[in-house]
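Working notes, beginning with the structure itself.
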Amino acid sequence: MADTALQAVRQRLRIAIQKNGRLAEPARALLSACGLAWREQRDQLFCQADDAPFDLLLVRDDDIPRLLADGHCELGIVGRNVLGEACALLREQGGEPAAVELRALGFGACRLALAVPDAQPWTGFAGLAGQRIATSHPALLRAWLGERGIDARVVTLSGSVEIAPRLGQAEAVCDLVSSGRTLAANRLVPVEDVLASEAVLAGAGQPLDAERGALLDGLLRRLDGVLRTRDRRLLVFRARRAALPGLLALMPDAEPPTVCPTEDGDSVSLQALWPGIVPWQRLEALERAGARGLMVLPVERMLA
Ligand code: ATP
Ligand code: ZN
């Protein structure tokens, strides 16, 4: 009895996600799209998925790399910047990264950018020598400066990096930027990208045992299916065979379509996966070229 209970615990995979914040809602939506369902209660940091061998840890994003490294969870959804900073810190201490990026997830996009006050003309890397750069990603910045042989001083701040130049704490900043509005509001201009970031699925550096490995493979297969359908549409229409070459020429960005004969033998029905939104202009051009019964359908799930 005890053995069975233990085994049941061993066979579960634990996934850490951000409890609150920018990645919290899209990470939950992604896991739901992969077929996981769970009930959260306020202030609860741990919950089990309904009828599936997965547990969720609801934590601060900064804690996720350490939870992976210490074996408290097998998977985490976290910004590449947070994962990269933790790995860069470990590398500085002579260690091996204890967590690895398994998939880029396509949300939480931002960049870690070097920015300088707009009043200070940017003269290139050479101008950074001897300057102080404020950041909450010191290890990533040190690695980036080191690769370019720039001898600048890194000032580590845990937040409000963008006001450091005005407070006289630094001459430049290295901060996360998405729209650029916060930088502009603080009279800073981005001059170099240090890292392009988005949310990623991270896994522990160590290989999993066979049972958990199989659970991970199953989840990745669903995840890949979800990621592949994201932003895709299925375009469906009928046309005369003779019109096909002209129609196909209007669909260079679609995947090779499936063409099926219809009963009258002279017409075909055609379906093609389209990346992103199908613009009205393109639909109208297809119609002019002989497409009939045009439909654009959302794609919900796909298996390769
Ligand atoms: P926590 O309370 O979990 O520590 P946080 O305040 O550190 O939260 P958020 O601001 O929610 O974190 O950001 C989480 C992640 O969202 C970042 O690490 C980054 O990967 C991504 N992100 C996307 N756009 C931005 C942005 N403009 N500023 C900061 N982070 C961004
Ligand atoms: Zn955080």
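Atoms within a ligand are numbered from 1 in the order they appear, just like the ligands themselves.
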Please report which non-hydrogen protein atom sits nearest to [atom], along with the residue it belongs to and the distance in Å to one decimal place.
| atom | result |
| --- | --- |
| atom 14 (C) of ligand 1 | Asp61 OD2, 3.4 Å |
| atom 8 (O) of ligand 1 | Gln18 NE2, 3.0 Å |
| atom 24 (N) of ligand 1 | Cys110 CB, 3.4 Å |

With heavy atoms of [X] as the reference, note each atom of ligand 1 found under 4.0 Å away.
| X | value |
| --- | --- |
| Ser178 | 24 (N), 26 (C), 27 (N) |
| Asn81 | 17 (C), 18 (O), 19 (C), 20 (O) |
| Leu23 | 15 (C), 16 (O) |
| Val82 | 18 (O) |
| Gly79 | 20 (O) |
| Gly21 | 11 (O) |

Using modelled atom types only, decide if a donor and an acceptor are shared between the side chain of [X] and the backbone of [Y] within a distance under 3.5 Å.
| X | Y | result |
| --- | --- | --- |
| Arg28 | Lys19 | yes |
| Arg292 | Glu287 | yes |
| Arg12 | Phe54 | yes |

Between [X] and [Y], is any pair of side-chain heavy atoms under 4.5 Å apart?
| X | Y | value |
| --- | --- | --- |
| Leu23 | Ile17 | no |
| Trp144 | Ile150 | yes |
| Gln120 | Arg187 | no |
| Asp175 | Thr135 | no |
| Leu235 | Leu286 | yes |

Find, among atoms of Asp61 that are N, O or S, the one nearest to the Zn ion (ligand 2), and state its name.
OD1

Of all N, O or S atoms in Asp62, which has the smallest distance to the Zn ion (ligand 2)?
OD1

Atom 6 (O) of ligand 1 within contact range, any protein heavy atom under 4.0 Å
no

Is there a nitrogen or oxygen of Arg60 sitting under 3.5 Å from a nitrogen or oxygen of ligand 1?
yes

Nearest heavy atom to atom 10 (O) of ligand 1 wins, so pick from Arg80, Arg111, Lys19, Arg22.
Arg22

Looking at Gln206, I'd like to know if its CD atom is crowded, meaning that more than 12 non-hydrogen atoms belonging to other residues, nucleotides or ligands lie closer than 6.0 Å.
no

